[in-house]
Amino acid sequence: MDEGAHLSGELSSREAELIKARREKLNQIISMGVSPYASFFASPEQIEYSDDLQRSYSSLQPGASSGKKVNLAGRIMAKREHGKASFIDIHDSTGKMQLIAREDVLGKEKYEFLLFLDTGDWIGVAGEVIRSKRGELSVLVEFYELLSKSLRPLPEKWHGLRDTEIKMRRRYLDLLVNAESRKIFEKRSVIIRSLRDFLDSKGFLEVETPILQPVPGGAAAKPFITHHNALNMDLYLRIAPELYLKRLLVAGFDKVYELNRNFRNEGISTKHNPEFTMLEVYQAFVDYRYMAIFLEELITTVLSEVNGTLTIEHPKGRISFERPWARMTMLEALRLYADLDLSLEMDLEELREIAEAYEVEIHPSAGKGWIIAEIFEKLVEPKIIQPTIVLDYPEEISPLARENPNAPGFTERFELIATGHEIANAFSELNDPIDQRARFLAQAEKRMAGDEAAQPLDEDFLTALEYGMPPAGGLGVGIDRLVMVATGCSSIREVILFPQLRRESQGE
RNA sequence: GGGCCAGUAGCUCAGUUGGCAGAGCACCGGACUUUUAAUCCGGGUGUCGGAGGUUCGAUUCCUCCCUGGCCUACCA
């Protein structure tokens, strides 16, 4: 026995008793010759949804009968027994519908069997749409069929399921009883559909590139490693699809995107899940300034569609995504938010001291650009609550971005920061194969110096670049983060259906 | 990795300055033909996260462990 007993299958006596009672009912049902797991109830087009019924019969008066017979299927969520007439709430995917069961309609035997069923059981019913005397739209049950017997008790109906551990480990229970949780994932679906619609309407091609990559590139992160037996080679779960999408630019696709799952073998937190969803978009012949406008349009379109407004009530305050968003360079942001005047002209030592003074830890191999970015991330990023385009990231930490001709040592790169987090990242893509090789070699030096996340040289990618990649803007949007912003959630686990958790302890 | 907080019935939560463990919902039995957190009557179902320790006695105090949350670090 261990702390996870209630989750890991060993049962305390109370739970065992509840389950035992339901199993006994199950046996009783079987012995009556009734299938507890019927294969089907009706064809899909014959089954109504509860919210459709609510709309269609909105004018039906209390106490009135519609004369219309419908089929409905759902899960029993509540029973109110009143002797010879009872009320049963069932939930389908769209919401709740009340069933009215009457002994004089069903006959004694069928009536009693219906009430013998438990909350959690799935049933299909047929009957007339009526409105009860108290005004609740209902189906007067004339026929029903048990579709699936539930063998475990549901969480409480009024408070729902609060325990965050059970919510995440048994997300189906959370979604089953907590409408707010369901709403988050419905919104997530709307967001993703809206992103696709937007990109498709702009003529982008949706593509799929390898998740198993021989060289994990396109971002600075530690990868998961796996092995292909037949080829006898190690492969990496991608940390980003970037280098493959750029190969497609070389190929001549000038507008491509991939909604992709990335995998990074790093810490788990309220902002990090080992696998997360990213949208990457590449468009030829544009630069990062264009991508900033593109991003504004993309995000505002999606937010309007999902929320009907560009204002979001967030734990960190009211956020407005009205355009145009603030724009500033990283150095300007450091001046504005941290009152720090930094530049690449300063000595490395001086920058190190400033970092130390603000308790910003830096990697021993970090150069000036990296240190400036570190200071920005620790001191400034959390303070940027309203959407802000932060421009010109140091070249040292941007090995795939084009250098900014107006700001030596910096690149044409921006991130969208909001609610104190990075939401999106974009640059004018580096398409010079000679420069790209040099950047990779600089990364290799960092790797030698102990920076595990430094980007490895991808010879095959360089070969592609040598054939000629058109100038292009690239954009990555963290979809989980975007959903967090759109739904006002402050933990990434709330917007991922099955977030990664520690394995349940097996006990001692 | 470090700090703080939490874990009590199937669920949501009280509580015990160390002395037989509590409520609501759910569940079981009964009444009820219009309820909707139905109501009424009766029933408490538990290894108080786990293992040790202190004690006449530990769910309560101590130590360690497990799991989760928040903060922090890491994730440039």
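Chain letters run A, B, ... following the sequence lines, proteins first and then strands; every chain starts at 1.
In this structure, A:Gln455 reaches neither bases nor backbone, as no heavy-atom distance under 4.0 Å exists between it and the strands shown. Among the atoms of the strands shown, none is found under 4.0 Å from any heavy atom of A:Gly63. Backbone-only engagement by A:Lys378 is indicated by non-hydrogen atom pairs under 4.0 Å involving sugar-phosphate atoms exclusively. Within the nucleic acid shown, A:Arg131 has no heavy atom closer than 4.0 Å to any nucleic acid atom. Nucleic acid contact class of A:Arg162 (heavy atoms, under 4.0 Å, all strands): sugar-phosphate only. Within the nucleic acid shown, A:Ser132 comes within 4.0 Å of at least one base atom, counting heavy atoms only. Within 4.0 Å of A:Ser86, counting heavy atoms only, lies no atom of the nucleic acid at all. Using a 4.0 Å heavy-atom distance criterion, A:Lys25 is classed as a sugar-phosphate-only contact. Residue-level contact check: A:Asn265 touches neither bases nor backbone, having no heavy atom under 4.0 Å from any strand. A:Lys446 comes within 4.0 angstrom of nothing in the nucleic acid, heavy atoms only. Here A:Ile397 lies in heavy-atom contact (under 4.0 Å) with a base.
When each of B:C25, B:U33, B:U34 is scored by its nearest atom to the side-chain atoms of A:Ala85, the top-ranked nucleotide is B:U33. Side-chain proximity of A:His82 to the nucleotides B:G69, B:U33, B:C25 is greatest for B:U33. Checking B:C70, B:G68, B:G10 against every side-chain atom of A:Leu18, the shortest atom distance belongs to B:G10. Ranking B:C28, B:A37, B:G10 by closeness to the A:Lys157 side chain, first place goes to B:A37. Picking from B:U36, B:C11, B:G10 the nucleotide with the shortest atom distance to the side chain of A:Gln98 gives B:U36.
Checked against side-chain contact (heavy atoms from CB on, under 4.5 Å), A:Glu445 has no partners two or more places apart in sequence or in another chain. With sequence neighbours left out, the side-chain contact (heavy atoms from CB on, under 4.5 Å) criterion links A:Ser93 to A:Tyr49. With sequence neighbours excluded, the residues that form a side-chain contact (heavy atoms from CB on, under 4.5 Å) with A:Ala220 are A:Ala453.
Paired runs in RNA chain B that reach 3 or more consecutive Watson-Crick or G-U pairs, where each pair keeps both distances under 3.5 Å, cover B:1-7 with B:66-72, B:10-13 with B:22-25, B:27-31 with B:39-43, B:49-53 with B:61-65.
Regarding contacts with the backbone of B:C32, every side-chain N or O of A:Arg102 stays at 4.0 angstrom or more from both OP1 and OP2. In this structure, A:Arg80 does not reach the B:C32 phosphate: none of its side-chain N or O atoms is under 4.0 Å from OP1 or OP2.
Counting heavy atoms from C-beta outward, A:Ile319 and A:Ile385 have side chains that approach closer than 4.5 Å. By the 4.5 Å heavy-atom criterion applied to side chains, A:Phe498 and A:Asn273 are not counted as neighbours.
In this structure, the CG atom of A:Asp104 is 15 Å from the P atom of B:C32, given to the nearest Å.
A donor N or O paired with an acceptor N or O is found under 3.5 Å between the base of B:U36 and the side-chain atoms of A:Glu136.
The stretch residues 345-371 of chain A touches RNA chain B through A:Glu361, A:Trp370, each having a heavy atom within less than 4.0 Å of the strand.
Spacing between B:U16 and B:C62 at atom P, rounded to whole Å, works out to 16 Å.
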Quick one: side chains of residues 67-79 of chain A, donor-acceptor pairs under 3.5 Å with protein atoms, not counting sequence neighbours, listed by atom name and distance.
from	atom 1	to	atom 2	distance (Å)
A:Lys69	NZ	A:Glu142	OE1	3.3
A:Asn71	ND2	A:Gln46	O	3.2
A:Arg75	NH1	A:Gly120	O	2.8
A:Lys79	NZ	A:Leu115	O	2.7
A:Lys79	NZ	A:Leu117	O	2.5

